[in-house]
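See structure below.
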Amino acid sequence: MPPTQEIPSSSGGEDTCPICGGAGYLREDVPVGHPHFGKLVACRCTQTQLEERRLSDLRAVSNLDSLARHTFDSFKPDLDLSPEQRTSLRLAYEAARAFAEKPQGWLMLLGEFGCGKTHLAAAIANEQVARGQPALFVVVPDLLDHLRATYSPHNPTTYDERFDQVRNAPLLILDDLGTQYSTEWAQEKLFQIFNYRYNARLPTVITSNIDLGAIDIRIKSRLMDPELGDICLILAPDFRSGGAHQTTSELSSLDLHEDQTFDNFSLREKELNAEQVASLQQAFLFSRNYAKNPEDWLLLAGGYGCGKTHLAAAIANERVGQGQPALFVVVPDLLDHLRATYAPNSSIPYDQRLGEIRNASLLVLDDLGTQSATPWAQEKLYQIFNHRYNARLPTVITATDDIDAIEERLKSRLLDRARCTNLFVNAPSYRGSEARVWQRPGRRTASRRR
């Protein structure tokens, strides 16, 4: 039934609404007992004003003007990257474009600083705005600040209004999840937002540079629901530093092992017995094939000086020689690099350093088990191992032949034969001329075998 105007209207004027006469609200012509009987409903003119105000508030919170340059046309998914990096970037780009065409479910973009995830998320928002559709783009720490600001008595927007804008945004894009200060209040607010949108199946985009394991378990369980959306891991480097395709990192100590290649690796046929030579030959052949196309993990275990570090370095040197990136680092040194980021004068934040290690195209971890087994060290190594295990990123590990001494969570991944090939080098310490040269006082060389 058409609504019946029962509210006094304002008089005259060309701009006066012909329905409500400027009053703004009407009472529907419904019988007594109807749920809407006696209730005021907004006139079309008022609904339009309320919608314009709501969209204006969303634009103010989103600050999309500063991100206007981030479009799909300005995004470059095919830069000079390694095949793995280029593939991950292309897949994320295509997933974002598809989401922008038809926003449904959730899309999560994971990657380190400057890899392009924020550009893609902003491109989705800009695409929607260009089509006349509302989108709320907000950095998570800023979102929490906006909510805190509503507690001020001078704020024109109440907490309930702001919180409802976020929870019910037709498209919500949360940038940099995990960078917020994780107080109990912040965790609770984020959970309420995620839980509401999860139950309502509202389109949502999330970007983050942290491991999913570090996210609140209540939020993580919703993010990982395969029926709701997709998770894209971007392996590209930091484009803000030029996006250059670098084969080595400042973390890498591969330059100390530049002379350790497959060509100069000795099988020691005249020194070892048949069983030991066979063990060394198996490790050599597999490592050389692995270097051609690294997939999953390789564990080289054996006693000190058996040649496992030479083979691991040879794999990294082979990849670098092919123009592909490789990060070679001794495990205790890796932990020192992470600790160094806590220094007040460190130019590199901890998250960026950890991300560089976790997402390296090829990571070679030398001498696992020689690090100080503090709870902090064990936790950092677990974060690295777990991330690379789940993402199936090529990883080479050298370790003592006493695998049982390795922390249980790491050992469980190393012993998964579906993901990690275990090669045990049954050879004694090398006693050739290289070892004698290395032992001379004051002489340092990379020829040392481990």
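Quick caveat: nothing in here was measured; it's all calculated off a predicted structure. Only this structure's heavy atoms are used, side chains among them; waters, hydrogens and symmetry mates stay out.
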TODO: Please confirm whether the backbone N or O of S279 pairs with a side-chain atom of Q282, one donor and one acceptor, at under 3.5 Å?
DONE: no
Open item on the list: Working note: D336 + R339, criterion salt bridge (Lys or Arg N to Asp or Glu O under 4.0 Å); need CA distance, chi angles, decisive distance, verdict.
Closed with: CA-CA 5 Å; D336 284 345; R339 291 187 188 97; 2.9 Å; yes
Open item on the list: side chain to side chain contact (heavy atoms under 4.5 Å, CB included), that's the test. Do L368 and I406 meet it? Break it down for me.
Closed with: CA-CA 8 Å; L368 177 66; I406 295 176; 3.9 Å; yes
Open item on the list: If we ignore hydrogens and angles and just use 3.5 Å, is the side chain of R388 paired with the main-chain N or O of A360 as donor and acceptor?
Closed with: yes
TODO: Please tell me if the side chains of L251 and L327 come closer than 4.5 Å, counting only heavy atoms from C-beta onward.
DONE: yes
TODO: Could you tell me how the ring of Y93 sits relative to the ring of F75: parallel (under 30°), tilted (30 to 60°) or perpendicular (over 60°)?
DONE: parallel
- [ ] Without swapping roles, check the side chain of R319 against the backbone of P325 for a donor-acceptor pair under 3.5 Å.
- [x] no
Open item on the list: Quick check for you: to the nearest 0.5 Å, what is the distance between T374 atom OG1 and L335 atom CG?
Closed with: 7.5 Å
TODO: Enter the distance from N426:CG to L280:CG here, rounded to the nearest 0.5 Å.
DONE: 9.5 Å
Open item on the list: Donor-acceptor check, side chain of E407 to backbone of R409, threshold 3.5 angstrom: yes or no?
Closed with: yes
Open item on the list: With a 4.0 Å cut-off on N to O distance, would you call R131 and E127 a salt bridge?
Closed with: yes
TODO: Compare all side-chain heavy atoms of N126 with those of F72 and state whether any distance is below 4.5 angstrom.
DONE: no
TODO: Decide salt bridge (Lys or Arg N to Asp or Glu O under 4.0 Å) for E184 and K189; before the verdict, give the C-alpha distance in whole Å, the side-chain angles of both, and the deciding distance to 0.1 Å.
DONE: CA-CA 9 Å; E184 291 185 5; K189 296 303 113 181; over 6 Å; no
Open item on the list: Check this for me: does any side-chain nitrogen of one of R97 and E94 sit under 4.0 Å from a carboxylate oxygen of the other?
Closed with: no
Open item on the list: Between H310 and S266, do the side chains contain a donor N or O and an acceptor N or O under 3.5 Å apart?
Closed with: no
- [ ] Quick one: do H257 and D366 satisfy side chain to side chain donor-acceptor pair (under 3.5 Å)? Show the steps, please.
- [x] CA-CA 12 Å; H257 304 269; D366 191 33; 5.1 Å; no
TODO: Would you mind reporting whether M108 and D230 have side-chain heavy atoms less than 4.5 Å apart?
DONE: no
TODO: Say whether, by atom type as modelled, one donor and one acceptor occur between the side chain of Q260 and the main chain of L311 under 3.5 angstrom.
DONE: no
Task: Over-ring placement of R288 relative to F262, 6.0 Å and 45° cut-offs - done: no
TODO: Inspect the contact between R419 and D296 and indicate whether a charged nitrogen and a carboxylate oxygen are less than 4.0 angstrom apart.
DONE: no
Open item on the list: Any salt bridge linking R413 with D416? Criterion: basic side-chain nitrogen under 4.0 Å from a carboxylate oxygen.
Closed with: no
Open item on the list: Taking the ring of Y159 and the ring of F163, is the distance between their centroids below 6.0 Å?
Closed with: yes
Open item on the list: Test your reading of the model: is there a side-chain donor-acceptor pair from K308 to the backbone of A301, 3.5 Å cut-off?
Closed with: no
TODO: State the CG-CZ distance between L110 and R358, to the nearest 0.5 angstrom.
DONE: 9.0 Å
TODO: Compute whether any side-chain donor of one residue and acceptor of the other, for N195 and R218, lie under 3.5 angstrom apart.
DONE: no
- [ ] Can you see which heavy atom on A100 is nearest to which on Q128, and at what distance?
- [x] O-NE2, 2.8 Å
Task: Heavy-atom donor-acceptor pair, S287 side chain to A283 backbone, under 3.5 Å - done: yes
Task: Polar side-chain atom of Q371 near backbone of G369 as donor-acceptor pair, under 3.5 Å - done: yes
Open item on the list: Is the shortest side-chain heavy-atom distance between L354 and I384 below 4.5 Å?
Closed with: yes
Task: Pair D175, T118: side-chain N/O donor-acceptor within cut-off below 3.5 Å - done: yes
Task: Pairwise side-chain contact, L300 with I397, heavy-atom cut-off 4.5 Å (strictly under) - done: no
Open item on the list: For the residue pair R353 / T341, report whether a side-chain donor-acceptor contact shorter than 3.5 Å exists.
Closed with: no
Open item on the list: Donor-acceptor pair, distance only, cut-off 3.5 Å: does the side chain of T207 make one with the backbone of D176?
Closed with: yes
Task: Between F385 and W297, ring centroids under 6.0 Å - done: yes
Open item on the list: Are the side chains of K380 and Y350 in contact, using a 4.5 Å heavy-atom criterion?
Closed with: yes
TODO: Answer yes if the ring centres of F194 and W106 are under 6.0 angstrom apart, and no otherwise.
DONE: yes
Open item on the list: Any non-hydrogen side-chain atom of L171 less than 4.5 Å from a side-chain atom of Q133?
Closed with: no
Task: Distance, nearest 0.5 Å, that separates CD of E379 from CG of N386 - done: 9.5 Å
Open item on the list: Measuring only between side-chain heavy atoms, which start at C-beta, is L147 closer than 4.5 Å to R162?
Closed with: yes
Task: Verdict with supporting geometry, N317 and T261, side chain to side chain donor-acceptor pair (under 3.5 Å) - done: CA-CA 7 Å; N317 283 319; T261 67; over 6 Å; no
Open item on the list: Any side-chain to backbone donor/acceptor pair from R392 onto Y389? Under 3.5 Å, distance only.
Closed with: no
